[in-house]
Protein chains: 2
Amino acid sequence: MFPDFVQPTSERTPCMTHTGSDTARLLSLMAGRRKISQGESLYHEHDHFQFIYAVQSGSFKSTLALADGFEQVSSFHMVGELLGLDGVADGRHASRAVALEDSEISTLSYAQLTELSSTICGVHHILMRLISREIVRSHCHMVVLGSLNSTQRLAAFLLNQSERLSARGYSALEFHLKMTRGEIGSFLGLTLETVSRTFGELQDQRLVQVKRRHIVIASLDGLARV
Amino acid sequence: MFPDFVQPTSERTPCMTHTGSDTARLLSLMAGRRKISQGESLYHEHDHFQFIYAVQSGSFKSTLALADGFEQVSSFHMVGELLGLDGVADGRHASRAVALEDSEISTLSYAQLTELSSTICGVHHILMRLISREIVRSHCHMVVLGSLNSTQRLAAFLLNQSERLSARGYSALEFHLKMTRGEIGSFLGLTLETVSRTFGELQDQRLVQVKRRHIVIASLDGLARV
DNA sequence: CGGAAGATTGAGCGTAGTCAAACCGAGTGG
DNA sequence: CCACTCGGTTTGACTACGCTCAATCTTCCG
């Protein structure tokens with residue numbers, strides 16, 4: 001039932017977060033460091049696009065505003081991931097980035113970066129790949145939103161979290177979510193009540209243990225099989 | 001209820017298709033031309049990424065395969081739009097592109113393009129912007145999939161079609177869809193029956209006239225207000 | 001301790017999915 | 001020309017999943 005790229009097991013998965021040598025090399029160019037406290041915004045929609053950011057510690061969500069004032073979460077970002085690439089499109093940010101906890105980011109001026117591109121061969125390849133990877137990630141998420149039921153969505157979400165956390169050296173089976181049920185719901189196209197209930201279901205099936213934001217995965221395979 | 005960027009009226013809309021001076025300049029570099037007949041694939045998932053394609057005539061859909069063999073439509077492409085940019089991410093295509101009708105495409109080798117980037121200043125800016133714009137587009141579609149009901153989704157779809165067609169000099173109010181109900185449904189995260197029924201509703205509300213694939217929009221504003 | 005924000009749980013409802021049948025239009029061949 | 005097929009579309013009846021509204025509980029923090 002799952003698109004194969006949602007599963008964390010496969011070696012090369014397009015849904016993979018953009019952590020890797022690409023980002024590492026880009027990170028080495030990063031300069032300014034800044035603290036962002038919980039709830040603070042890094043940038044807003046329509047803000048002039050100037051910087052690309054990398055999460056140094058903590059985590060962020062990206063949101064898009066709906067016309068009625070509500071906001072939908074479009075992605076979560078954790079340590080080592082980049083923010084702000086959506087601004088390349090037309091020089092303005094298309095989303096808002098908010099810290100989910102007290103965080104630190106480093107900053108890289110896009111103008112600087114394009115200069116570097118001409119001197120340091122390969123830099124713009126890296127950047128291009130990173131942006132393109134974002135496309136692939138959103139496409140994956142479109143599949144999640146467009147063809148999975150609530151249980152499958154939440155399972156996919158947990159697997160994704162697990163994969164990204166373990167890629168950062170944390171446990172793949174036990175972790176602490178930084179986001180509320182409402183934010184998860186918004187991200188998955190569900191209500192917060194449904195998220196809560198679905199956590200309950202997964203727990204009843206002995207696939208995970210959930211205590212508020214603390215998650216223990218009992219069976220990765222089981223989750224993937226959902 | 002609509003995210004403002006779903007509406008076709010606003011002047012600068014991030015959901016805007018990537019037709020514009022950027023594409024135009026890129027198109028001028030395009031070389032080979034090829035015919036693709038209806039149902040034929042331009043590339044498949046996991047194909048080695050080598051070319052970027054521009055639709056010269058006809059139209060295409062991009063699909064992602066689910067693990068169970070089904071495919072979800074992730075986007076539609078019409079004349080002047082680019083295909084294949086998802087392959088930049090890791091050198092392999094993440095989606096499949098299929099012609100919705102007998103079509104023609106022109107081809108641009110990505111390797112060639114990156115060479116050009118170093119000589120012709122600005123080429124890689126263009127490419128970067130185009131890729132980034134794809135991100136913004138997918139984010140918009142995530143909002144559609146994550147927070148709109150069937151009527152709103154279909155209205156957004158029709159407005160999008162209308163906008164893109166009128167940008168190409170066709171009528172904004174009367175056009176012929178190239179895709180089946182099933183394909184629309186897959187794209188919008190609905191079943192084909194729901195698409196059909198929802199077309200009926202919109203017709204009952206005198207917002208559009210629908211006869212199979214022939215669409216006449218009675219009120220763009222009405223659709224946008226849905 | 002009290003208040004607030006977040007999470008859980010419950011009851012009832014509605015939208016969209018499912019399954020099934022009928023319909024329509026285009027193309028094919030007798 | 002009509003009969004037949006086939007893919008796509010429409011329509012109907014029923015169902016179920018997830019939403020809504022509401023109450024309660026938990027944890028955190030002043």
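Excluded from the calculations below are hydrogen atoms, water molecules and symmetry mates; all remaining heavy atoms, backbone and side chain alike, are included. Residue numbers start from 1 in every chain, and the chains themselves are labelled A, B, ... in the order their sequence lines are given, proteins ahead of strands. The shown structure was predicted, so the numbers you read here are calculated from the model rather than taken from an experiment.
The side-chain hydrogen bond (donor to acceptor under 3.5 Å, both in side chains) test with B:Thr63 singles out one residue from B:Glu183, B:His44, B:Glu71, and that residue is B:Glu71.
A:Leu177 has its CG atom 15 Å from the P atom of C:dG6, to the nearest Å.
Side-chain contact check for A:Leu83 versus A:Val55: some heavy-atom pair is nearer than 4.5 Å.
Under the 30°/60° scheme for interplanar angles, the aromatic rings of A:His214 and A:His176 are found to be tilted. The aromatic rings of A:Tyr53 and A:Tyr43 lie parallel to each other, with less than 30° between the two planes, well short of the 60° mark.
Remark: the backbone N or O of B:Ser171 is not paired with any side-chain donor or acceptor of B:Glu174 at under 3.5 angstrom.
Applying the ring-ring contact (aromatic ring centres under 6.0 Å, His included) definition to pairs two or more places apart or across chains, those involving residues 183-204 of chain A are A:Phe76-A:Phe187, A:His141-A:Phe187.
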>> Protein within reach of the bases, or only the backbone? For nucleotides 10-22 of chain C, mark each nucleotide 5' to 3' as B, S or -, using heavy atoms under 4.0 Å.
In response: BB----SSBBB--
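In this structure, A:Arg181 reaches the sugar-phosphate backbone alone: every heavy-atom distance under 4.0 Å involves primed, P, OP1 or OP2 atoms, never a base.
Residue-environment remark: CD (B:Gln209) stays at or below the threshold of 12 foreign heavy atoms within 6.0 Å.
The footprint of chain A on DNA chain D, defined by a heavy-atom cutoff below 4.0 Å, extends from D:dG18 to D:dT27.
In this structure, B:Phe60 and B:Ser103 approach most closely via the heavy-atom pair CE1-CB, 3.7 Å.
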